[in-house]
Amino acid sequence: MAFIIKPIVTEKMTKITEKQPNRYGFIVKPEANKLQIKKEVEARYNVKVEDINTLNYAGKRSARYTKAGLIKGQKNAFKKAIVTLKAGDEIDFYSNI
């Protein structure tokens, strides 16, 4: 299992959740499909999922200049899932802090 890497807790995602209180965002593995994401969210958070939207992000190349010279690298590709829950269901990411 373990397709969910981490929940998205950013200002932009918080604004979306405030406008539509039953929407939450997750970073998931790129090979995960909507059915696998749905099954894992329902099992992990004990909620009912109505809809899932996914967005694929490509890995971006980056370069920086340092004392040692030019360092080149690449950021990892990832997939973002926006999960819509059934009305009345809620996920609290801050409960176990």
Side-chain angles (χ1 to χ4, degrees):
M1 214 177 207
F3 292 107
I4 296 176
I5 298 171
K6 63 182 178 180
I8 301 172
V9 185
T10 60
E11 288 182 28
K12 187 174 183 180
M13 196 64 225
T14 305
K15 285 182 182 179
I16 291 172
T17 305
E18 286 174 357
K19 286 183 183 178
Q20 299 169 339
N22 57 348
R23 284 196 163 196
Y24 298 92
F26 297 94
I27 301 291
V28 297
K29 292 186 177 178
E31 61 270 9
N33 63 29
K34 291 182 180 184
L35 296 175
Q36 294 166 333
I37 296 167
K38 177 180 179 178
K39 190 182 292 184
E40 188 169 345
V41 169
E42 288 178 346
R44 188 180 285 189
Y45 297 105
N46 198 16
V47 293
K48 181 71 176 155
V49 176
E50 282 190 350
D51 190 31
I52 296 177
N53 299 80
T54 57
L55 300 93
N56 284 312
Y57 290 89
K60 296 184 178 175
R61 296 185 187 277
S62 63
R64 63 182 178 189
Y65 294 98
T66 63
K67 289 181 186 178
L70 181 65
I71 297 176
K72 293 182 180 179
Q74 184 166 355
K75 295 181 182 178
N76 293 336
F78 65 95
K79 184 183 257 189
K80 187 190 293 187
I82 307 297
V83 178
T84 305
L85 303 180
K86 188 179 126 190
D89 283 350
E90 206 174 90
I91 298 175
D92 186 16
F93 295 126
Y94 304 108
S95 63
N96 54 349
I97 291 179

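Along the sequence shown, residues are numbered consecutively beginning with 1.
- Considering only residues two or more places apart in sequence or on other chains, Thr84 meets the side-chain hydrogen bond (donor to acceptor under 3.5 Å, both in side chains) condition with Arg23.
- Under the 4.5 Å side-chain contact rule for hydrophobic residues, Ile5 and Val28 do not share a cluster.
- Ile91 and Ile4 fall within the same hydrophobic cluster, defined by Ile, Leu, Val, Met, Phe, Trp and Tyr side-chain heavy atoms under 4.5 Å apart, directly or through other members.
- Residues Ala87 and Glu50 come closest through the heavy atom pair N-OE2, 4.3 Å.
- Every residue two or more places apart in sequence or in another chain was checked for a side chain to side chain contact (heavy atoms under 4.5 Å, CB included) with Lys19, and none qualifies.
- Separating the CG atom in Leu85 from the CD atom in Glu42 is a distance of 9.0 Å, to the nearest 0.5 Å.
- Interatomic distance, Glu40 CD to Lys29 NZ, rounded to the nearest 0.5 Å: 8.5 Å.
- Considering all non-hydrogen atoms of both residues, Lys80 and Tyr57 come closest at NZ-OH, 3.3 Å.
- Residue Pro30 comes nearest to Ala77 through the heavy atom pair CG-O, 3.8 Å, listed as atom of the first residue, atom of the second, then distance.
- Grouping the Ile, Leu, Val, Met, Phe, Trp and Tyr side chains by contacts below 4.5 angstrom, directly or via other members, places Val41 apart from Ile8.
- From Asn76, atom CG reaches atom CD1 of Ile27 across 11.5 Å, with rounding to the nearest 0.5 Å.
- By the criterion of side-chain heavy atoms lying less than 4.5 angstrom apart, applied directly or through intervening Ile, Leu, Val, Met, Phe, Trp or Tyr residues, Tyr45 is grouped together with Val9 in one hydrophobic cluster.
- When the shell of 6.0 Å around CD of Glu90 is examined, it contains 12 or fewer heavy atoms from other residues, nucleotides or ligands.
- Between atom NZ of residue Lys48 and atom CG of residue Asn22 there is a gap of 14.0 Å, rounded to the nearest 0.5 Å.
- With hydrophobic clusters built from ILVMFWY side chains whose heavy atoms lie under 4.5 angstrom apart, Phe3 does not share a cluster with Leu55.
- Using a 30° and 60° split on the angle between ring planes, Phe26 and Phe93 fall in the perpendicular class, above 60°.
- Rounding to the nearest 0.5 Å places NZ of Lys38 at 7.0 Å from CD1 of Ile52.
- Put simply, CD1 on Ile16 and OG1 on Thr10 are 7.5 Å apart, with the number rounded to the nearest 0.5 Å.
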